Amino acid sequence: MKKTEKEIREILNQDIQISDVVETRIQETYRQLERGTSRRRTGSARKIAAAIAVVFLAVPGVVYASSRTEFFQAMFGNDTRESNDVLEREIDTGKKGKDAKVTVTLPSREYVPVDEAQAEKAVGDYVSDEPVVKKIGSHTLCIDSFVYDKNGAMMYFTLEREGGVTAFAGDTETNLTKGAYFTDDSDFYFNCETKNGAVACENTYIDTKKSTKEKLYCYSYILWNQPLEDGDAPELMVETYPCTRKELKETTKTETERIKLTDKDPVPVKKIDMGEKGYLEYSPIALSVDMAKGMGLSREEAADPYYLESIEISYRDKESYVVCDKEKNTENSSYQLGSGTYYKTVFNRLVDVDGIEMIKVNGVEFAVK
């Protein structure tokens, strides 16, 4: 199913050389070795460039070992992400007078170290082996690593441009709030979608320590707007324009290309089915719970994420992971999404599914047998 950016926004309400890539991976490997075993989201006369090409790269195993380590640290660890207490920010509303600004409270977040051996055991077999590199005009997009399950996904990518990236932007503030975004000066847009039409809703975190003006390192945390069916596979949807996004019109002719993201299977999902008393699915990367079962909510209330109060994962070793707690203003997820009566969240750390004793949602206990 082909969708334009406009259609996706309505749903969401919102030549690279192989030697260069190899060199980058080798340098990353060196850095990892130096760190030791650290454990630490419109018509135009010109045709859109025919030179836009997709390049699939095959490089030595040591290179991908480095990439895998980078992926685990980026998506699950705390090497590049910093925990924060509850914060207050003044937001510009776009209005005038006394309503021009409003103060909002941002929840506390905690990031923890990742056990790379555990991450390899839990999701290593499902992480894409080879990067997907695409030249889009003056920018180069590289999807370094991708992993997914039926409810969510994680994507580690870079975007670079000689002279400076102009199509995408993000900083420490967007990391705390809405995530990185495509600028009005971008002449392209990309997102993840499946063959059966499931669309990725996402929050993208910019690694401000590693990124430069010419190269952004990005961690995208994804939730599907509908659960993936068996055999459905994620693709990269790239839409290019003959103008900038701010110049787009309803009549603008755009070009859309779909690119296979991975040959790997989805991460297996476990479920706890208590009939009308509750239904929940979870994996090492994401969770989905039917709020219409066992929560004492009407279907209208169940479809409103406002009524999600708390999620806590308790382990057999007596440790616990508070995914969210509205009363305490705590949010330890990387992204949340309401989809029908289902509340979905993608975690901000690796979850040991084999060590879980119980998952509690709004006080309702889902015991793992």
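Since this is a predicted model, take the numbers as computed values, not measurements.
Note on Ile259: it clusters hydrophobically with Leu261, by side-chain heavy-atom contacts below 4.5 Å among ILVMFWY residues. Val322 and Ile356 end up in different hydrophobic clusters when Ile, Leu, Val, Met, Phe, Trp and Tyr side chains are linked at under 4.5 Å. Using a 4.5 Å cut-off between side-chain heavy atoms of Ile, Leu, Val, Met, Phe, Trp and Tyr, with links allowed through other members, Leu308 and Met274 fall into the same hydrophobic cluster. Residues Val364 and Val323 share a hydrophobic cluster, clusters being chains of Ile/Leu/Val/Met/Phe/Trp/Tyr side chains in contact below 4.5 Å. Leu159 and Leu236 fall within a single hydrophobic cluster, where Ile, Leu, Val, Met, Phe, Trp and Tyr side chains are chained together by heavy-atom contacts under 4.5 Å.
Side chain of Ser83 to backbone of Tyr111: a donor-acceptor contact under 3.5 angstrom is found. In terms of modelled atom types and a separation under 3.5 Å, the side chain of Lys134 and the main chain of Ile143 share no donor-acceptor contact. Side chain of Thr345 to backbone of Ser333: no donor-acceptor contact under 3.5 angstrom is found. A donor-acceptor pair is defined here as one N or O able to donate and one able to accept, closer than 3.5 Å; no such pair exists between the side chain of Asn329 and the backbone of Leu87. In terms of modelled atom types and a separation under 3.5 Å, the side chain of Thr212 and the main chain of Lys215 share a donor-acceptor contact. Formation of a donor-acceptor pair under 3.5 Å by the Asn332 side chain with backbone atoms of Asn348 is not found in this model. Of the possible donor and acceptor atoms, none in the side chain of Arg81 sits under 3.5 Å from a partner among the backbone N and O of Val112. No side-chain donor-acceptor contact under 3.5 Å links His139 to the backbone of Phe168. No donor-acceptor pair under 3.5 Å is formed between the side chain of Thr174 and the backbone N or O of Lys178. Distance alone, capped at 3.5 Å, is enough to place a donor-acceptor pair between the Asp232 side chain and the Lys195 backbone.
A distance of 4.5 Å separates CG of Asn196 from CD of Glu229, quoted to the nearest 0.5 Å. The distance from the OG atom of Ser283 to the CG atom of Asp149 is 3.5 Å, given to the nearest 0.5 Å. Interatomic distance, Ile359 CD1 to Ile311 CD1, rounded to the nearest 0.5 Å: 9.0 Å. One finds the OG1 atom of Thr158 at 9.5 Å from the NZ atom of Lys210 (value rounded to the nearest 0.5 Å). From Leu216, atom CG reaches atom CG of Asp207 across 10.0 Å, with rounding to the nearest 0.5 Å. Note that CG of Leu248 and CD of Glu239 are 7.5 Å apart. Values are rounded to the nearest 0.5 Å.
No side-chain heavy atom of Leu280 sits under 4.5 Å from any side-chain heavy atom of Asp273. Side-chain contact between Phe76 and Pro113 is absent, with no heavy atoms from C-beta onward closer than 4.5 Å. Looking only at side-chain heavy atoms (C-beta outward), Leu176 and Arg89 come within less than 4.5 Å of each other. Side-chain contact between Glu88 and Val104 is absent, with no heavy atoms from C-beta onward closer than 4.5 Å. Side-chain contact between Thr254 and Thr240 is absent, with no heavy-atom pair separated by less than 4.5 Å. In this structure, Glu309 and Asn362 have side chains that are in contact, with non-hydrogen atoms separated by less than 4.5 Å. Side-chain contact check for Ile206 versus Asp171: every heavy-atom pair is 4.5 Å or farther apart. Annotation: side chain of Gln73 is in contact with side chain of Glu116 (closest heavy-atom distance under 4.5 Å).
Closest approach of Asn225 to Ser339, counting heavy atoms only: O-OG, 2.6 Å. Scanning both residues, Gly124 and Lys264, for their nearest heavy atoms gives O-NZ, 4.5 Å. Taking both residues in full, the closest heavy atoms of Pro284 and Val267 are given as CD-CG1, 3.7 Å, listed atom of the first, atom of the second, then distance. Of all non-hydrogen atoms in Ser310 and Gly363, the two that sit nearest each other are OG-N, 4.4 Å. Taking both residues in full, the closest heavy atoms of Met291 and Tyr343 are given as CG-CB, 3.9 Å, listed atom of the first, atom of the second, then distance. Minimum heavy-atom separation, Cys201 to Leu337: SG-CD2, 3.8 Å.
A salt bridge links Asp129 with Arg68: the distance from a Lys NZ or Arg NE/NH1/NH2 to an Asp or Glu carboxylate oxygen falls below 4.0 Å. Ion pairing between Arg109 and Glu331 fails under the 4.0 Å rule for side-chain N and carboxylate O. The pair Lys150-Glu281 counts as a salt bridge, with a side-chain nitrogen and a carboxylate oxygen less than 4.0 angstrom apart.
Checking each of Phe146, Phe71, Phe190 against Phe157 for a ring-ring contact (aromatic ring centres under 6.0 Å, His included) leaves exactly one that passes, namely Phe190. When each of Tyr335, Tyr156, Phe72 is paired with Tyr219, the ring-ring contact (aromatic ring centres under 6.0 Å, His included) condition holds for Tyr156 and for no other.
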Using the side chain to side chain donor-acceptor pair (under 3.5 Å) rule, take Asp290 and Thr341 through it: C-alpha gap first, then chi angles, then the decisive distance, then the call. CA-CA 6 Å; Asp290 188 346; Thr341 62; 3.0 Å; yes
Take Lys121 and Asp354 through the test salt bridge (charged side-chain N to carboxylate O under 4.0 Å, His left out) and record every step on the way to the result. CA-CA 11 Å; Lys121 179 181 178 181; Asp354 294 328; 5.3 Å; no
I would like to know whether Val368 and Tyr282 meet side chain to side chain contact (heavy atoms under 4.5 Å, CB included); could you show each step before the answer? CA-CA 11 Å; Val368 177; Tyr282 63 98; 3.7 Å; yes
Determine, stepwise, if the pair Asn151 / Leu287 fulfils side chain to side chain contact (heavy atoms under 4.5 Å, CB included). CA-CA 7 Å; Asn151 294 305; Leu287 175 149; over 6 Å; no
With side chain to side chain contact (heavy atoms under 4.5 Å, CB included) as the test, would you mind laying out the steps for Ile285 and Val123 before giving the verdict? CA-CA 9 Å; Ile285 66 172; Val123 299; 4.3 Å; yes
May I have the step-by-step check of salt bridge (charged side-chain N to carboxylate O under 4.0 Å, His left out) for Asp79 and Lys209, ending in yes or no? CA-CA 10 Å; Asp79 278 0; Lys209 295 181 179 179; over 6 Å; no
Where do Lys213 and Val165 land on the side chain to side chain contact (heavy atoms under 4.5 Å, CB included) test, with the steps shown first? CA-CA 6 Å; Lys213 177 183 176 182; Val165 174; over 6 Å; no
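For Glu162, the CD atom sits in a loose shell: 12 or fewer heavy atoms of surrounding residues, nucleotides or ligands are nearer than 6.0 Å. More than 12 heavy atoms of other shown residues, nucleotides or ligands fall within 6.0 angstrom of atom CD in Glu214. Within 6.0 Å of the CG atom in Asp317, the count of heavy atoms belonging to other residues, nucleotides or ligands exceeds 12. Within a 6.0 Å sphere centred on NZ of Lys101, other residues, nucleotides and ligands contribute more than 12 heavy atoms.
For an aromatic pair to be called close, the ring centres must be under 6.0 Å apart, and Tyr221 with Phe347 fails this.
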